[in-house]
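Reading through the structure tokens given below for one structure.
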Amino acid sequence: MRWALLLSAPVAACALALAWFLARREPGRAEGGPGGPDDGVEVFRLQVIGYPTSRVDEVLDRLDAQIAANDALLDSGPRPAVTADAGTRHTAGSAEVVAVATDPADARGDVVESAEEPGPRWGMVDLVVVAAYLGSALYVLSNLVLRPRSGYLFHGVQDHQAFEWYFGASAHNVATLSNPLFSDRQNFPDGVNLMANAAVTGLGIPLAPLTLAAGAHITFFVVELLGLAGTAAAWYWFFRRRGIGRTGAAIGGWFTGFAPALVSHANGHPNFVALFLIPVIIDRVLRLAEGDRRVRDGIVLGLLVTWQLFIGEEPLLLAAIGMLIVGAVLAIHRRLDVARLLPGVGIGAALSVSLVAVPLWWQFAGRQSYTSIFHLPGGNDLASLWGRATRTIGTDPWESAALSMNRTEENAFFGVPLWIVAVAIALVLIRRPVVQALAALVIVSSWLSLGEEVVLRGQPTGIPGPWALVDGLPILENVLPTRLTMMAIPAFAGLLALGVDAAIKAAPRADPNAAEIPAWQHRMGGWIVVAAAVVALLPVVPTPLQVESRPAVPTFFTGDAWRDWSHGGSILAVPPTDIVDARAFDWQLAADTMAFPIVEGYFVGPNGQPDRGGQYGATRRPLSLWLYDVNAANVATPATEAQRRQFIEDLRAWRTDTVVLPMRDQTAALRDSLVTVLGEPQRVEDVFVWDVRELRS
């Protein structure tokens, strides 16, 4: 809170200066035509330029020459976007006010390319911006750069290993030409429905060669790195496509890639980090509303949506909700041509549905599918909307952690300064429909994210939240409401980009002959708003993610010893893999990428009940529960004869070839307990091994 208050004071000062500057520099902006970032017409842009009385004739001659040149252009070719149609001279002493009317055909206020024209060309400055995004991503992942195999993102618990497993499973399916929507490499022999899990197959399959050549650990790191930098770069590209200048686009793009929510999800949720397709999809939708190539653009939209669905369904759903909110506001202002938009969207939807119909059927009705999964109330704490995330500079991590579900779900935490600047920009530019739409998205998404009951600093307030009205709807019932604030990230970024761009473009044009006006005054507005934006983003500047050492993979698996003990059945890791112990995933990845399956695991699957509800992990069998208890107590527990018979049945159900116990703190208790069931083990390198094929036959 102390940091927030300290940073709020200069931000408030910058915001007030920004409001004064934009209000002073845009006296003639009015409601205008559709589209573009401004959505306003610059009817009369007043520029007050001081001249000595002796130079008035010179000024008039220059203005007449410009009018003549414009007339010649009109007579010889297409009409330019902006012309000096008329000049009205008002002489008062030594100053002259020149009112220049913009071309009525340019209803956007700023230069925004049409749907049929190529976007702005990229140059060295744009490459520097992208390089800065890449550098920011490397900084966030700096603790993992030199140890992608030996380290793991500690705050993600087992999610880091789980997604590495998904990449390994996709690579194994590609290498063996297996069903890409299913894997039996864990929870053997029942397997895992990859479509019903966040398996990121849209990246895992294209990157399968990298996984097979370098390992799933490298693939995970590459996806995280390029996901953060690529998301920022994609939004930068989008803002530039919408006519926003480089400075505003760069600031807005950075926030979309490195907002607290994305840094938080980078602890182990690459499906919420690799969001680079979202701005491309939005741009394609806008092209459908602006252009006439409905079939081509519709097909491209359908392919993009299909790819995003295989990368992450929930981010696609959130993007769709956000587009509906923004689109509704723009449609009310008649800034979105819905009639022109719908045919192309229909073509894209038809193509996408035809491509994903079978995968979606498999997700909800295929092998190991489930209907829905129960979540505890997952709304945002109200204080998290203006609080600070745990992985930001100067924050109190314990205070921040108390405001969120866990370290991978810090989906708000925008900070007080950002709210101040965003509100200032929204109030100054409120006449622009796009600003109203972005502000509406921020408000609605933040409001919905509070869940079923508003909670303030961990204490229920008794105030019902809006999510209770929609959480029972199909699809939405599986969404964590806290994630809805991720829709506000590009909205905040858009407001920052528009504010910076408006201030820079509102500055008067410099005249080398106007010596009475210092050159720095021409850029004052841009300096003010850039300073405000930078200060507003200081509370969300991330710190590197925390990395801890993984448990060492036994040499039994890093070498070839395991091959003598794997015969087509499963390997039972002791204790069995579950949501809190996924070390056996590393064993699989070390041994030729999923060469053998394991028992149970960490995934989402059916609970075995008639309602086909979902649960995390497999339905535990008696042997796995017994091993879990022995491991937790770290005390040898002899098995009874009845238990022994049941445990042998469990091994048959799992089709287990080998039971493997690595050296660990609980090894003695687990070994002595298993001896009463399986007999004496063999010591092979750094593990105890039981060959149980004869017992289950």
Side-chain angles (χ1 to χ4, degrees), residues 18 22 35-40 108-115 117-137 226-259 262 275-287 290 319 322 326 418 421-422 425-426 428-429 432 434-435 437-439 441-442 488-507 523 525-537 540-541:
L18 168 65
L22 292 180
D38 293 343
D39 294 305
R108 298 177 184 264
D110 290 320
V111 179
V112 180
E113 65 278 358
S114 71
E117 295 176 349
R121 293 183 179 180
W122 279 43
M124 183 58 66
V125 175
D126 303 292
L127 296 180
V128 169
V129 170
V130 174
Y133 294 156
L134 187 61
S136 297
L226 298 184
L228 291 170
T231 300
W235 279 105
Y236 172 77
W237 169 86
F238 174 82
F239 292 142
R240 295 285 291 124
R241 290 269 297 175
R242 296 291 106 192
I244 294 177
R246 286 188 174 93
T247 304
I251 293 174
W254 185 91
F255 183 69
T256 60
F258 301 96
L262 275 86
L275 304 178
F276 51 84
L277 286 183
I278 300 299
V280 184
I281 290 172
I282 297 173
D283 178 75
R284 187 59 49 171
V285 171
L286 293 176
R287 285 176 65 90
E290 298 165 351
V326 172
L418 180 58
V421 169
I425 292 174
V428 171
L429 305 179
R432 304 186 185 187
V434 69
V435 172
L438 295 177
L441 180 56
V442 170
I489 294 173
F492 272 116
L495 290 173
L496 289 176
L498 286 170
V500 170
D501 198 56
I504 292 175
K505 291 179 178 178
R523 296 183 294 272
W527 289 345
I528 292 173
V529 71
V530 170
V534 169
V535 175
L537 293 180
V540 302
V541 172

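Only a predicted model underlies this, so the values are computations on that prediction, with no experimental measurement involved.
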Point-to-point distance, once rounded to the nearest 0.5 Å, from [atom1] of [X] to [atom2] of [Y]:
{"X": "Leu498", "Y": "Arg432", "atom1": "CG", "atom2": "CZ", "result": "6.5 Å"}
{"X": "Leu441", "Y": "Ile489", "atom1": "CG", "atom2": "CD1", "result": "10.5 Å"}
{"X": "Phe238", "Y": "Thr256", "atom1": "CZ", "atom2": "OG1", "result": "11.0 Å"}
{"X": "Leu496", "Y": "Asp501", "atom1": "CG", "atom2": "CG", "result": "12.0 Å"}
{"X": "Thr247", "Y": "Ile504", "atom1": "OG1", "atom2": "CD1", "result": "4.0 Å"}

In chain order, what residues pass the side chain to side chain contact (heavy atoms under 4.5 Å, CB included) check against [X], with sequence neighbours excluded?
{"X": "Ser136", "value": "Trp254, Phe258"}
{"X": "Ile278", "value": "Trp235, Leu275, Ile282, Gln308, Ala319"}
{"X": "Ala234", "value": "Phe276, Pro279"}
{"X": "Ala249", "value": "Tyr236, Phe239, Arg240, Ile244"}

Closest non-hydrogen atom pair between Val129 and Ala250, with its separation: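 Smallest heavy-atom distance, with atoms named: CG1-CB, 4.0 Å.
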Shortest non-hydrogen contact from Val130 toward Ala233: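 Here Val130 and Ala233 meet closest at CG2-CB, 4.2 Å.
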Trace of the side chain to side chain contact (heavy atoms under 4.5 Å, CB included) decision for Leu286 with Arg242: CA-CA 10 Å; Leu286 293 176; Arg242 296 291 106 192; 3.8 Å; yes
All ring-ring contact (aromatic ring centres under 6.0 Å, His included) counterparts of Phe255, not counting sequence neighbours: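 By the ring-ring contact (aromatic ring centres under 6.0 Å, His included) rule, Phe255 matches no residue at all.
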Residues forming a ring-ring contact (aromatic ring centres under 6.0 Å, His included) with Tyr133, sequence neighbours excluded: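 By the ring-ring contact (aromatic ring centres under 6.0 Å, His included) rule, Tyr133 matches no residue at all.
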Residue of the set Val529, Leu495, Ile528, Ile425 for which side-chain contact (heavy atoms from CB on, under 4.5 Å) holds with Val500: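 Only match with Val500 under side-chain contact (heavy atoms from CB on, under 4.5 Å): Val529.
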Salt bridge present between Arg121 and Asp126 (N-O < 4.0 angstrom):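 No salt bridge links Arg121 with Asp126.
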